[in-house]
Number of protein chains: 2
Amino acid sequence: MDKQPVDPYRLLRKYFSDRMPISDEDLNYFCSKYRLKRTKRNQVLLNAGEVNPYMYFVNTGCLRVYMLDQSGREATRFLVTENRFGTAFPSFILQEPSMAYIQSLEPSELLYINFTDFRELTDNFPEWQRVYLRNIEMDYIASIKRIESLITMSAKDRYNLLLENDPGMIQKLPSKIIADYLGISQETLSRLKSKK
Amino acid sequence: MDKQPVDPYRLLRKYFSDRMPISDEDLNYFCSKYRLKRTKRNQVLLNAGEVNPYMYFVNTGCLRVYMLDQSGREATRFLVTENRFGTAFPSFILQEPSMAYIQSLEPSELLYINFTDFRELTDNFPEWQRVYLRNIEMDYIASIKRIESLITMSAKDRYNLLLENDPGMIQKLPSKIIADYLGISQETLSRLKSKK
DNA sequence: TGAAATTATTGACTTTTGTCAAATTACAGC
DNA sequence: GCTGTAATTTGACAAAAGTCAATAATTTCA
């Protein structure tokens with residue numbers, strides 16, 4: 001069977017129209033600001049030190065935002081799964097050099113928009129500003145919960161919590177990445193998994 | 001010399017008018033949604049398990065949002081200093097029982113607004129929505145940076161970073177609170193301070 | 001499919017941080 | 001200014017997590 005050729009903007013249009021009232025005309029205008037990019041496994045989209053130009057919407061695949069510590073070890077800051085927006089946020093918003101890298105963990109299909117256009121849309125379309133605000137509120141809440149887990153829980157408890165809240169993530173991603181998302185070494189994670 | 005009686009809404013009015021164009025009428029309307037509260041040192045404003053009804057604006061003093069871990073140890077999630085908004089954010093936004101407590105570290109003068117009124121203002125005043133959005137973006141960025149420090153740095157480096165970025169905080173607050181903000185024990189912090 | 005590269009596991013040891021207890025210091029509130 | 005409570009420091013030890021190295025298991029992609 002042949003694959004149907006799929007409109008790469010289908011998911012994005014659905015994302016907008018599911019969350020806010022929007023005319024076809026505005027929808028087309030929104031989409032005109034986004035460009036398509038296909039990436040390979042482990043392709044780096046942004047290097048630390050660069051100003052991050054784009055916000056990404058993930059059609060298929062998965063993005064990972066990560067940093068290197070002083071000794072060159074990787075630490076995962078954020079993961080962006082399908083049908084979601086995400087980027088190296090501080091660099092994008094402040095338009096300052098990034099502390100973080102962005103890579104696609106798998107071959108991915110992405111839609112991306114530059115900072116100027118992104119601000120133009122949030123500033124001029126109140127309905128979209130509202131949706132975006134709700135997204136940021138939720139992302140902020142998720143990051144607060146992550147801080148809580150980091151300052152109050154042991155590595156073992158953090159792992160068990162992730163296992164409860166997001167079993168798919170643990171199943172899907174290499175444990176190396178789970179470990180640096182939790183802020184522990186892969187050896188420690190390996191031992192935690194065998195111990196319970 | 002007698003103290004001048006000060007309008008408790010002066011700072012709040014200034015906060016709004018500094019950040020957005022707003023008519024006197026709207027300013028009065030905004031302020032009508034806020035009520036005044038004076039607190040004692042260490043007074044608890046919200047207990048864990050309660051739904052957090054209020055967003056606070058700190059006129060004078062300081063608020064602390066903190067949690068208890070399994071063994072009853074406190075961990076500071078967030079501090080709200082003068083002339084800023086803050087609250088136990090997840091519970092306020094989701095209107096769910098709070099994981100966190102709120103207390104005033106010093107005698108404080110606060111203005112507070114309930115959730116319904118807060119949403120009413122952000123939904124109906126685009127200029128204010130925009131200012132609020134920028135605030136959340138900045139708070140989110142601050143929390144991302146805190147996550148970075150927690151997953152990539154040792155206790156010692158996190159302390160030195162805080163010393164650089166926010167020396168006032170270390171000077172002003174008891175080291176017990178600095179320690180549980182950094183996610184370490186007070187004994188460890190005490191040793192870090194003497195070692196360098 | 002099969003060689004090369006990456007990832008995961010395990011062991012031995014080190015370092016960091018936590019815990020408990022006691023002594024000292026600071027300071028809030030009367 | 002006192003006085004009692006709270007905060008801080010220090011010591012001795014325990015537990016948690018990291019490091020390095022070697023091996024085993026999986027993937028990738030040519």
Side-chain angles (χ1 to χ4, degrees), chain A residues 38-44 61-62 64 66-76 103-108 149-163 169-196, chain B residues 38-44 61-62 64 66-76 103-108 149-163 169-196:
Chain A
R38 293 201 170 82
T39 63
K40 295 185 289 189
R41 188 179 122 85
N42 291 336
Q43 182 174 334
V44 172
C62 178
R64 171 182 178 236
Y66 67 98
M67 320 175 39
L68 299 182
D69 67 16
Q70 301 109 315
S71 54
R73 199 176 307 277
E74 296 186 356
T76 296
Q103 74 174 169
S104 58
L105 288 177
E106 339 168 346
S108 302
S149 75
L150 288 166
I151 61 178
T152 64
M153 296 168 79
S154 67
K156 186 176 167 183
D157 292 339
R158 292 206 300 278
Y159 175 72
N160 288 333
L161 183 67
L162 188 62
L163 203 59
M169 175 171 163
I170 288 180
Q171 208 172 19
K172 187 180 180 183
L173 296 178
S175 61
K176 180 189 154 100
I177 287 174
I178 303 294
D180 68 48
Y181 178 82
L182 291 170
I184 61 181
S185 67
Q186 20 179 345
E187 293 95 331
T188 297
L189 178 58
S190 175
R191 284 183 250 261
L192 290 181
K193 285 199 288 190
S194 60
K195 268 184 196 160
K196 213 199 78 55
Chain B
R38 293 201 172 82
T39 63
K40 294 184 288 187
R41 189 178 120 87
N42 292 336
Q43 181 174 336
V44 172
C62 178
R64 171 182 178 235
Y66 68 97
M67 321 174 40
L68 299 183
D69 67 16
Q70 302 109 314
S71 54
R73 199 175 308 278
E74 296 186 356
T76 296
Q103 73 174 171
S104 57
L105 287 177
E106 340 168 346
S108 301
S149 75
L150 288 166
I151 62 179
T152 65
M153 297 168 78
S154 68
K156 185 177 167 182
D157 292 339
R158 293 206 299 281
Y159 175 72
N160 287 333
L161 183 68
L162 188 62
L163 204 59
M169 176 171 162
I170 289 180
Q171 207 172 19
K172 187 180 179 184
L173 296 178
S175 60
K176 180 189 156 101
I177 287 174
I178 303 295
D180 68 49
Y181 178 82
L182 291 171
I184 60 181
S185 68
Q186 20 179 345
E187 292 95 331
T188 296
L189 177 58
S190 175
R191 285 183 250 262
L192 291 180
K193 286 198 286 188
S194 60
K195 267 184 195 159
K196 211 199 80 50

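Below, chain A is the first sequence line, B the second, and so on; all start at residue 1. Every value quoted in this text rests on a predicted model; they were computed, and no experiment measured them.
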Please give, in whole Å, the distance from D:dA7 C1' to B:Leu173 CG?
14 Å
Donor-acceptor pair, distance only, cut-off 3.5 Å: does the side chain of B:Ser108 make one with the backbone of B:Thr39?
no
Given DNA chain D, 5'-ward residue of the pair A:Ile184 and B:Lys176, judged by closest heavy atom:
B:Lys176
In terms of side-chain heavy atoms of B:Arg191, which of C:dG18, C:dT10, C:dT7 is nearest?
C:dG18
Roughly, in whole Å, what's the span from CG in B:Leu192 to P in D:dT10?
13 Å
Is the base of C:dT17 touched by the side chain of B:Arg158 through a donor-acceptor pair closer than 3.5 angstrom?
no
OP1 or OP2 of C:dT16 under 4.0 Å from side-chain N/O of B:Lys156
no
Kindly give the heavy-atom pair with the smallest separation between B:Ile170 and B:Ile178, and that separation in Å.
CA-CD1, 3.8 Å
Indicate whether any N or O donor in one side chain lies under 3.5 Å from an N or O acceptor in the other, for B:Arg64 and B:Thr76.
yes
Counting only distance, no hydrogens or angles, is the base of C:dG29 paired donor-acceptor with the side chain of B:Arg41 under 3.5 Å?
no
Rounded to whole Å, please give me the gap between CG in A:Leu189 and P in D:dA16.
16 Å
For the backbone of A:Lys40 and the side chain of A:Ser104, can you confirm whether one donor and one acceptor N or O come within less than 3.5 Å of each other?
yes
For A:Arg73 and B:Ser190, find the nucleotide of DNA chain D closest to each by heavy atoms; which residue's nucleotide sits nearer the 5' end?
B:Ser190
Separation of A:Tyr159 atom OH from D:dA17 atom P, in whole Å?
14 Å
Would you check if the side chain of A:Asp180 reaches a backbone N or O of A:Gly183 as a donor-acceptor pair within less than 3.5 Å?
no
Can you tell me which nucleotide in C:dT19, D:dA7, C:dA8 comes closest to the side chain of A:Pro174?
C:dA8
Could you state the atom-to-atom distance from CD of A:Gln70 to P of D:dT19 in whole Å?
11 Å
N/O (side chain, A:Ser154) to phosphate O (OP1/OP2, D:dA16) under 4.0 Å
no
Rounded to whole Å, please give me the gap between CG in B:Asp180 and C1' in C:dT17.
16 Å
Write down the distance between CG (B:Asn42) and P (D:dA7), rounded to a whole number of angstrom.
7 Å
Selected nucleotide, minimal atom distance to B:Gln186 side chain, candidates D:dT10, D:dG18, D:dT8:
D:dT8
Nucleotide C:dT10, atom P - distance to CD of A:Glu187 in whole Å:
12 Å
Categorize A:Ser175 for me: base, sugar-phosphate, or nothing, with a 4.0 angstrom heavy-atom threshold over every strand shown.
sugar-phosphate
Distance check: side-chain N/O of A:Ser185 vs OP1/OP2 of D:dG18, anything under 4.0 Å?
yes
